[in-house]
Structures are given as C-alpha cells and as structure tokens.
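Below is one structure; the comments refer to it alone.
For ligands, and for the atoms within them, numbers begin at 1 and follow the listed sequence.
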Amino acid sequence: MLRERVTEDVYVFISELYVEVAATVVITEKGAVVIDTAPFPQETRQIREFALRHCPQGVRYVINTHHHADHIYGSYLFPEAELIAHRQCRQILLKVGEESLAKAKAQTPALAPVQLRIPQLVFETEMLLRLGEKTIHLMHAPGHTPDGIMVHIREDKVLVASDVVTPIPLIVRGDIEELTKSLKLIKTLNLENIIQGHGGVLLRGEIEETVDSNVAYLRNIEKRVRTLVEKGQSKTALRRISVESCGKSRIPLGGLAQRLHQANLEYLYNKMMAEKADQNPK
Ligand SMILES: [Zn+2]
C-alpha cells in the first residue's frame, strides 16, 4: 500500500494489489473519517493501523463512495465506525451484496475473511458531516454507477472524486450523460487536489485539464460508436477506435487503460444496438 500525504490532515492510500484503487483517511481531533477502503484485508488493515495511530479517538465514520467491491470490501474492518453511503448503494448491497461477495470469494481466496457491511446512514442529494474542525460535504455524483458520490473536504480543498475521476472514464453499466454532469459539478468547487478512484492524486494545475479531457473523451466515444452503429458495422470494428484517437493515453493504470477503453466501447455498442432494435421492431 502506498501512502501519500495530500494535506496536513488528509492521507491517501493507493493499493498495490488492485488497479491503484484509492482509500482516503481524514484526521480530525474528534476521530478519523475513512473514505473507501482497499479490497484486500491485508491492505485495509494497514489503513486501520495508520488511522488509529494518528487518531486516538478512533475511526468515527467510513464512507462507501459506491457499491463496487474494490472500494468497499474493507468496511468490515472498522466495526466501531458508522457506515455512510448513498441510499441506492444501501439498496444495491441489500439486494446483491451477499451473492456478489460469495462469487468473489470463490474466485479470490484472499477475500475469505471479508464480511459484507450494509451502510446504515444514507442520503439522497447531499449530506454535511461536521467532525472536529472539518466540514465534509458528500454529494450524489452518478454516472460511473447510479449510487456514486463524491466527498469534498472543504477546509482542505480536497475532493475525493472516487470513480467519477479516473485516468480513463469508466462507464461500463454506467451512463455517459450523468457522468458528464458529475464531472461538470467538479468545476464549481474550489479545489487544490482531487483524489481519483484509481490512479492517484491530481494537483491543482491538472484538475481543469483532466476534467475537460474526460468530458471530451466521453463525447468522442459516444460519437464514434454511434457512427459505427448507424452504419450497421459489426462489433469487431470497435477495435479500430484507439484510446489515443479519443483523446486519452493508454499508459496509466499499468497499461490497463486500453482494455478499459475497449470495454467502454463494447458497452456503448451493445446499448446503442439494443436501442436501435427497440426503434425498428421486426
Ligand atoms: Zn467502481
């Protein structure tokens, strides 16, 4: 687990085991707030030890930014903390959480100790958390998933954007329009740093450019895939749409960007084909 100090009281932990997923610890004099966890217990335990070392009052809140396993499977290691998420996150986990966890455990033995935790404290549009001297503003930011949230630590000018901001936007099973809206919401905030869901921290000078290029990428892939669908081309034609031609690099996330890009294209293609079939019933 790599640790980086973002501000005086905000630390980010980047997983070395799973696609550079980020977990954030906010230290206050009334206890710590942990925003997302690492998927593997051995890494989340390091986060817990660190938080307890720096905060004798313990961990007061854990926030799940959305229901995806890589962000939330460490929540059970903070049993004393209240668990916060969007209302839909709670709903999704109640519905499919146990089943997905059982499948994940069958595939990945290191997840054996994980227990599902269901968020108790939920909100719809936004929520304000005051702890010590910190004002922590949670806001609904769907697009990557319907239950996505971002967490703004106001005094520190840090935004934990989770998967709203990643080196390549992730929209499989998501929604381009909503993700674009959530990205634009970021531009209304006064920020020094963004903690991405994967791939580390953005500095002030990188924020605007990254947000704009993510919005442009979403617009590009939508346009490229639509053209292909309208021409009635097959799915194999997607391979010719390179990540660079849509305005992004294939280098980040250990070279995974190219695969995530192809997954985005395929998801859009299937969605548009299904819509086309609905419009032209045989
Ligand atoms: Zn996710």
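In this structure, Glu80 does not pair ionically with Arg117, as no charged nitrogen and carboxylate oxygen lie closer than 4.0 Å. Comment: Glu99 engages Lys103 in a salt bridge, judged by a side-chain N to carboxylate O separation of less than 4.0 angstrom. Between Arg226 and Glu222, at least one side-chain N (NZ, or NE/NH1/NH2) sits under 4.0 Å from a carboxylate O, which counts as a salt bridge.
Residues forming a ring pair (Phe, Tyr, Trp, His ring centres under 6.0 Å) with Phe123 (at least two apart in sequence, or on another chain): His86. With sequence neighbours left out, Phe78 forms a ring pair (Phe, Tyr, Trp, His ring centres under 6.0 Å) with no residue at all. Scored by the ring pair (Phe, Tyr, Trp, His ring centres under 6.0 Å) test, His137 finds no partners at all (sequence neighbours excluded).
Only protein N, O or S atoms were scored, and 4 of them lie under 2.8 Å from the Zn ion (ligand 1).
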